[in-house]
Amino acid sequence: PAIELRAQNAFTEAVKERRNVSALFIEVDGYRAFVKDNTQDKADVMLKTIAQRIQRALERNQFVGRIDGPDFLVVLPDVPEFQALKLGDTICKAIAREFPLPQGGTAQVTASIGVAAKFPSDTNNSQLLERAVKGKDQARYQGGNIVRKAGDDASGGMSVNRF
């Protein structure tokens with residue numbers, strides 16, 4: 001997808017210019033249950049609403065794209081890890097708000113968000129994205145609706161935020 005190309009380009013530019021780049025990997029919690037309990041039209045509205053909420057939290061040179069099913073990737077050129085964590089918190093809160101459904105009613109979902117920043121030792125974009133996915137997996141393992149960076153543990157890692 002285009003977002004993967006943007007992630008690769010941002011990483012290459014960050015290495016070349018010795019700048020920061022961070023990524024957020026976002027998974028919608030309970031997506032399969034939502035689809036099972038609702039129509040595909042409602043699931044599509046939910047995903048579009050989430051994408052819009054993510055996009056509204058981003059600045060002009062930052063990008064979001066849907067990877068697969070309930071997964072989104074956010075690419076953050078020139079953003080250090082601490083700012084990416086704050087943005088992840090903002091996005092987590094935005095996703096957790098109720099949204100209207102077609103044919104009436106409302107729904108609410110949450111997200112598990114993994115955060116990663118480029119390390120000086122990274123030789124390719126895959127290393128950055130793998131850490132973001134690991135952070136997302138840790139967030140999901142802890143029950144979702146949380147932002148984590150890979151390597152954080154439940155005993156006091158940074159950004160253990162529930163909304």
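What you see is a predicted model; the values in this text were computed from it and never measured.
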Peer 1: Quick check: is Leu87 connected to Phe25 through a chain of hydrophobic side chains (ILVMFWY, heavy atoms under 4.5 Å apart)?
Peer 2: no
Peer 1: Mind listing the closest non-hydrogen atom pair of Ala117 and Arg131 along with its distance?
Peer 2: O-NH2, 2.7 Å
Peer 1: How long is the straight-line distance from CG of Asp122 back to CG of Leu129, given to the nearest 0.5 Å?
Peer 2: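 If I round to the nearest 0.5 Å, the distance is 9.5 Å.
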Peer 1: Measure the shortest side-chain to side-chain distance between Leu47 and Phe72 over non-hydrogen atoms and say whether it is less than 4.5 angstrom.
Peer 2: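 Yes, side chains in contact.
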Peer 1: To the nearest 0.5 Å, how far apart are CD1 in Ile54 and CZ in Arg66?
Peer 2: 11.0 Å
Peer 1: Does anything in residues 44-64 pair up under side-chain hydrogen bond (donor to acceptor under 3.5 Å, both in side chains), and if so which pairs, sequence neighbours excluded?
Peer 2: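 Counting only pairs at least two positions apart or across chains, the side-chain hydrogen bond (donor to acceptor under 3.5 Å, both in side chains) contacts touching residues 44-64 are Gln40-Asp44.
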Peer 1: Report yes or no: do Leu58 and Val147 belong to one cluster of Ile/Leu/Val/Met/Phe/Trp/Tyr joined by side chain heavy-atom distances under 4.5 Å?
Peer 2: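 Leu58 and Val147: one cluster.
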Peer 1: Are side-chain heavy atoms of Asp89 and Ile113 found at a separation under 4.5 Å?
Peer 2: no
Peer 1: Looking at CZ of Arg148 and CG of Leu85, how far apart are the two atoms once the value is rounded to the nearest 0.5 Å?
Peer 2: 10.0 Å
Peer 1: Is the shortest side-chain heavy-atom distance between Asp41 and Leu101 below 4.5 Å?
Peer 2: no
Peer 1: Tell me the closest heavy-atom pair linking Leu73 and Ala7, and the distance in Å.
Peer 2: CD2-CB, 4.2 Å
Peer 1: By side chain to side chain donor-acceptor pair (under 3.5 Å), which residues pair with Gln127, not counting sequence neighbours?
Peer 2: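 Partners of Gln127 by the side chain to side chain donor-acceptor pair (under 3.5 Å) criterion, ordered by chain and then number, come out as Thr123.
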Peer 1: Provide the full list of side-chain hydrogen bond (donor to acceptor under 3.5 Å, both in side chains) pairs with a residue in residues 16-32, sequence neighbours left out, each pair given once.
Peer 2: Arg19-Asp78, Glu27-Lys136, Asp29-Thr110, Asp29-Ser112
Peer 1: Tell me whether Val74 is reachable from Ile67 by hopping between hydrophobic residues (I, L, V, M, F, W, Y) whose side-chain heavy atoms are closer than 4.5 Å.
Peer 2: no
Peer 1: Looking at CG of Leu24 and CG of Leu76, how far apart are the two atoms once the value is rounded to the nearest 0.5 Å?
Peer 2: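 So the CG of Leu24 and the CG of Leu76 are separated by 5.0 Å.
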Peer 1: Do Gln138 and Ile146 come within less than 4.5 Å of each other through their side chains, counting heavy atoms only?
Peer 2: no
Peer 1: Look at Asp137 together with Arg140 and state whether they make a salt bridge at an N to O cut-off of under 4.0 Å.
Peer 2: yes
Peer 1: Just one of Val75, Val133, Val21 clears the side chain to side chain contact (heavy atoms under 4.5 Å, CB included) bar with Leu128, so which one?
Peer 2: Val21
Peer 1: Report whether Ile91 and Phe63 are members of the same hydrophobic cluster (ILVMFWY, side-chain heavy atoms less than 4.5 Å apart, transitive linking).
Peer 2: no
Peer 1: Are Ile95 and Met46 linked, directly or through other ILVMFWY residues, by side chains that come within less than 4.5 angstrom of each other?
Peer 2: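 As far as the 4.5 Å side-chain criterion goes, Met46 and Ile95 are connected within one cluster.
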Peer 1: Any chance you could measure Phe34, atom CZ, to Lys42, atom NZ, to the nearest 0.5 Å?
Peer 2: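 So the CZ of Phe34 and the NZ of Lys42 are separated by 7.5 Å.
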Peer 1: How long is the straight-line distance from CG of Asn124 back to CD of Glu130, given to the nearest 0.5 Å?
Peer 2: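 The distance works out to 7.5 Å.
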